[in-house]
Amino acid sequence: MGRVVGIDLGTTSSAIAVVRGGEVIVITTSEGKRLPSVVGFGRNGERLTGRAAIEQGATNPENTVYGVKRLLGRPAGDAEAGGTSTSFSSLRSGPRGDARVYIPVAGKLFSPPEIAAHILSRLRDEAEAYLGEAVREVVISVPAYFGEPQRQALKNAATIAGLTVRQIINEPTAVALSYGSGQSHTSTVMVVDLGGGSYDVSILDIREGQITVRATSGDTHLGGTEWDSLIAGWIAATFLRRYGIDLRRQPTAWQRVYEAAEDAKIALSTDEETVIDLPFLAASADGPRHLHLTLTRRQFEQMAASLLERLAAPVESVLADAGLAPSALDAVLLVGGATRMPMVRRQIEMLTGQTAEIPPQPDQAVVAGAALQAGALAGEVEEVRLRDVTPLTLGLETVGGMMSPLIPRNTPVPVSRSQVFSTAEDGATAVEICVLQGERPMAADNETLGILRLEGIPAAPRGIPQIEVTFTIDENGLLRVAARELLSGAGQTVFLAATTSLTAQEVRQMVQEAERCAAQDLVQRNLVEARTAARQVLYLVERNLQRANGEIPPPLAERVMRQVRALQQALAGPDATRIRHLTAEVQQASSAISSLILLEHTRPSEREQ
Ligand code: ADP
Ligand code: MG
C-alpha cells in the first residue's frame with residue numbers, strides 16, 4: 001500500500017506529517033514545522049509560498065494572498081463580509097458569484113482552490129524531499145464548521161495540486177485522535193481550537209478504537225487575526241490623531257503595522273507590556289514619521305472584550321447539543337496558536353468551569369491526528385473508527401420561502417435521508433429544488449448550496465406529483481442530492497453542483513495549468529533562490545570591504561570590484577546558473593578578504609611575542 005500523508009491547511013500556517021514505524025513525524029520544512037499559508041505572485045511571474053511570499057509581499061502586497069482558507073468555497077460577498085483583513089489582494093466575484101482573487105501581475109482572476117493548491121504542492125514537495133519518495137495521497141483536515149462548498153473547494157485544491165484526498169477529517173477529530181491514541185478508558189472531551197482565522201468547539205467521545213463527535217459549533221470568522229486587527233486599528237487611529245496620516249491607505253505601511261500588531265499580540269501572551277517600534281513608517285511634509293508605542297496586556301484585554309464575548313455562544317451551543325453540563329466533561333483541550341493568549345484561556349475556563357489542558361505541542365495536534373488517520377488508511381497503524389456529525393442543517397426551500405430541514409445538524413455521517421415533496425402549481429412539468437444549509441427558518445437567511453432542476457414531470461394538478469428528494473453525505477462530509485418523481489417513475493436523478501464550487505471542467509483546466517506552471521515555477525524558484533544567495537554574498541563582501549578599510553592589495557580589490565559588478569548585472573537577468581557561478585567567485589574573493597582582515601587583527605599580538 002502506498003504512503004498516505006496528513007495535511008493541516010491552516011488559515012495562517014500549514015503542516016504536513018507522516019507515520020513512520022508507528023510514530024508520527026511532523027515534517028520540518030525549510031521554514032520549520034509550520035509553513036506560513038501565504039502565496040505570492042512575484043513580478044517576474046514566479047509563484048512563492050511561505051516566508052518568501054511574505055517577504056516579497058512587503059513591497060508587492062497586491063499580488064500576495066494571505067488567509068486563502070477563509071475564501072475556500074465562499075461566495076464573493078460573504079468573503080468580504082468575513083473580513084479578510086490580512087489579504088491585500090482584490091476580491092472579485094467569479095462566474096457563479098464565488099470569491100475570486102484578482103492578481104494584477106498575472107492580469108487574471110484566481111479561484112481560492114488554485115491558490116491553496118500552491119501551499120499544498122509546496123508541502124508535498126517538502127514531504128517528498130524528506131521521504132525520498134513520491135507522495136500522492138492525503139488525509140486533509142478541515143474546521144468542523146466547514147460546510148459543503150468549503151469541503152468541495154478543498155478537494156479541488158488537492159486535485160489541482162496533483163493529490164488524491166483519501167479522507168477529509170474534522171480538525172477536532174484529528175486533535176482527539178492524537179490525544180486519545182493509546183488511551184484505553186472512555187472520556188468525553190471538549191476541543192477548543194482558536195487558530196488564525198477560525199474558532200471551533202466540539203465535544204467528542206474517545207473510546208478505545210472509536211472516536212465520536214457528539215456536537216460541534218464555532219465561528220468561521222473568529223481567530224487570532226481579529227486580535228491582530230484590534231491592535232492594528234489602535235495603531236492606525238493613534239497615528240491618524242497624531243500626524244493626520246491614514247496608514248490604512250498605504251498598503252506597504254499597513255502591512256508593516258499588521259506584522260507589528262501580531263508580534264505585539266504574541267509578546268503579550270508572556271509579557272505584561274510590549275513596545276511597538278516602526279521607524280520611517282510614513283512620510284509627511286515635515287519629513288519621515290516614526291511610530292513608537294507601548295501597549296500593556298491590560299489595555300489589550302480591555303480592547304478585546306467584545307471578541308472574548310464571541311467565544312461564549314459556541315461553547316454553550318455544543319454543551320446544549322450534546323445534552324451535557326460542563327461538569328460532565330473529562331477534559332477541555334485547548335489547541336490552535338491563539339489559545340496561548342491568557343485572556344482566551346481564562347475565558348474558556350470561566351465558561352466551562354474547568355481547568356483547560358494544553359497538549360504538549362498544541363500547534364501539531366491537528367496535523368498529527370491527520371497523519372494518524374493517514375497511517376491507518378495505509379495500514380501502518382491500527383485504525384480508529386471516526387464518526388463525525390454534520391456541522392449544519394441541510395434542507396430545501398419550500399412554499400413561502402421556508403427552509404424545510406432534511407438532515408438536522410449534528411447527525412452522524414455517513415447518512416442518507418429522503419423525503420417526498422410535491423408541486424405547488426397546477427400542471428407543472430418541472431420543479432426547481434433549492435438546496436440550503438443553515439439553521440435559520442427562512443430560506444433566504446441560509447446559504448444556498450445549489451439549485452437542482454427536475455424536468456419531465458407528467459402534468460398534473462398541484463400536490464399530485466410525488467417528488468422524492470434524497471440527501472446523501474459520505475464519510476468526508478460531502479453532499480449529493482438526488483430527485484425522482486415516484487408516481488410516473490419517469491423522473492430523473494440529478495446531482496447537485498454546489499453553486500460556489502468549481503465545475504469539473506474548471507478543475508481539469510486548473511490541473512493542466514498547474515502542471516504547465518510546475519516546470520516554469522521550478523525555474524523561477526531556482527532563480528529566486530540564486531538571487532537571494534547572491535544578495536547575501538554581495539552584502540558580506542561589501543561589509544568585508546568596509547572592515548578591511550582600504551588595506552587590501554590593489555589587484556585583489558580590483559578583481560573583487562569587477563566580480564561584484566558582474567554579479568550585480570547578472571542579478572537583473574534571468575540566468576540562474578550564471579548568477580550561481582558568479583556568486584561562487586565573489587564568495588571566494590570575500591573569504592580571501594576576510595582572511596586578510598583576520599591577519600590584520602592578529603598581527604599586533606604576533607609582534608608582541
Ligand atoms: P491556523 O491553524 O488557523 O493557521 P494556528 O493554530 O497556527 O492557526 O494559530 C495561528 C494564530 O495563533 C495566529 O493568529 C498567531 O498570531 C497566533 N499565535 C501563535 N502563537 C501565539 C502566542 N504565543 N500568543 C498569541 N497568539 C499566538
Ligand atoms: Mg488550525
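As the structure is a prediction and not an experimental result, all values here were calculated from the model. Order of appearance sets the numbers: ligands from 1, and atoms from 1 within every ligand. Along the sequence shown, residues carry numbers from 1.
Short contacts between ligand 1 and Glu262, defined as distances under 4.0 Å to a heavy atom of the residue, involve ligand atoms 13 (C), 15 (C), 16 (O). Interface of Gly224 with ligand 1, defined as ligand atoms under 4.0 Å from a residue heavy atom, comprises 14 (O). Under a 4.0 Å criterion applied to the non-hydrogen atoms of Gly197, ligand 1 contributes the atoms 3 (O). Short contacts between ligand 1 and Arg340, defined as distances under 4.0 Å to a heavy atom of the residue, involve ligand atoms 20 (N), 22 (C), 23 (N), 24 (N). Against a heavy-atom cut-off of under 4.0 Å, Gly336 is close to the following atoms of ligand 1: 6 (O). Within the listing of ligand 1, atoms 1 (P), 3 (O), 4 (O) sit less than 4.0 angstrom from a heavy atom of Thr11.
Residue Ser198 has no nitrogen or oxygen atom sitting less than 3.5 Å from a nitrogen or oxygen atom of ligand 1, judged on distance alone. Below 3.5 Å of separation, one finds no N or O of Asp228 facing any N or O of ligand 1. Considering backbone and side-chain N/O atoms, Met341 never comes within less than 3.5 Å of an N/O atom of ligand 1.
Judged by distance alone, the side chains of Tyr258 and Ser229 do bring a donor and an acceptor atom under 3.5 Å apart.
In this structure, Thr274 and Phe300 have side chains that are not in contact, with every pair of non-hydrogen atoms separated by 4.5 Å or more. Counting heavy atoms from C-beta on, the side chains of Gln150 and Arg74 come closer than 4.5 Å. Side-chain contact check for Leu308 versus Arg346: every heavy-atom pair is 4.5 Å or farther apart.
Of the protein's heavy atoms, Gly196 N, 3.0 Å lies nearest to atom 8 (O) of ligand 1. Looking at atom 7 (O) of ligand 1, its nearest protein heavy atom turns out to be Ser13 OG, 3.2 Å.
Here the shortest heavy-atom distance to atom 2 (O) of ligand 1, taken over Arg34, Lys265, Glu226, Met343, belongs to Arg34. Comparing Ser37, Ala261, Gly337, Ala365 against atom 21 (C) of ligand 1, the shortest heavy-atom distance belongs to Gly337. For atom 4 (O) of ligand 1, the choice among Thr12, Thr339, Leu9 with the nearest heavy atom turns out to be Thr12. Comparing Ser14, Ala338, Ser269 against atom 24 (N) of ligand 1, the shortest heavy-atom distance belongs to Ser269.
The distance from the CG atom of Leu377 to the CG atom of Leu372 is 11.0 Å, given to the nearest 0.5 Å.
Qualifying salt bridge (charged side-chain N to carboxylate O under 4.0 Å, His left out) partners for Glu272, counting only residues two or more places apart in sequence or in other chains: Arg297. Scanning for salt bridge (charged side-chain N to carboxylate O under 4.0 Å, His left out) contacts around Arg256 gives an empty result, with sequence neighbours left out.
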- [ ] Under the side chain to side chain contact (heavy atoms under 4.5 Å, CB included) rule, what do Leu394 and Ile473 come out as? Steps first, then yes or no, please.
- [x] CA-CA 10 Å; Leu394 292 159; Ile473 304 176; 3.4 Å; yes

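Under a 4.0 angstrom heavy-atom cut-off, Asp363 registers as lying outside contact with ligand 1.
Counting heavy atoms of neighbouring residues, nucleotides and ligands inside a 6.0 Å radius, atom CZ of Arg298 does not exceed 12 of them. More than 12 heavy atoms of other residues, nucleotides or ligands shown are found within 6.0 angstrom of CD on Glu349.
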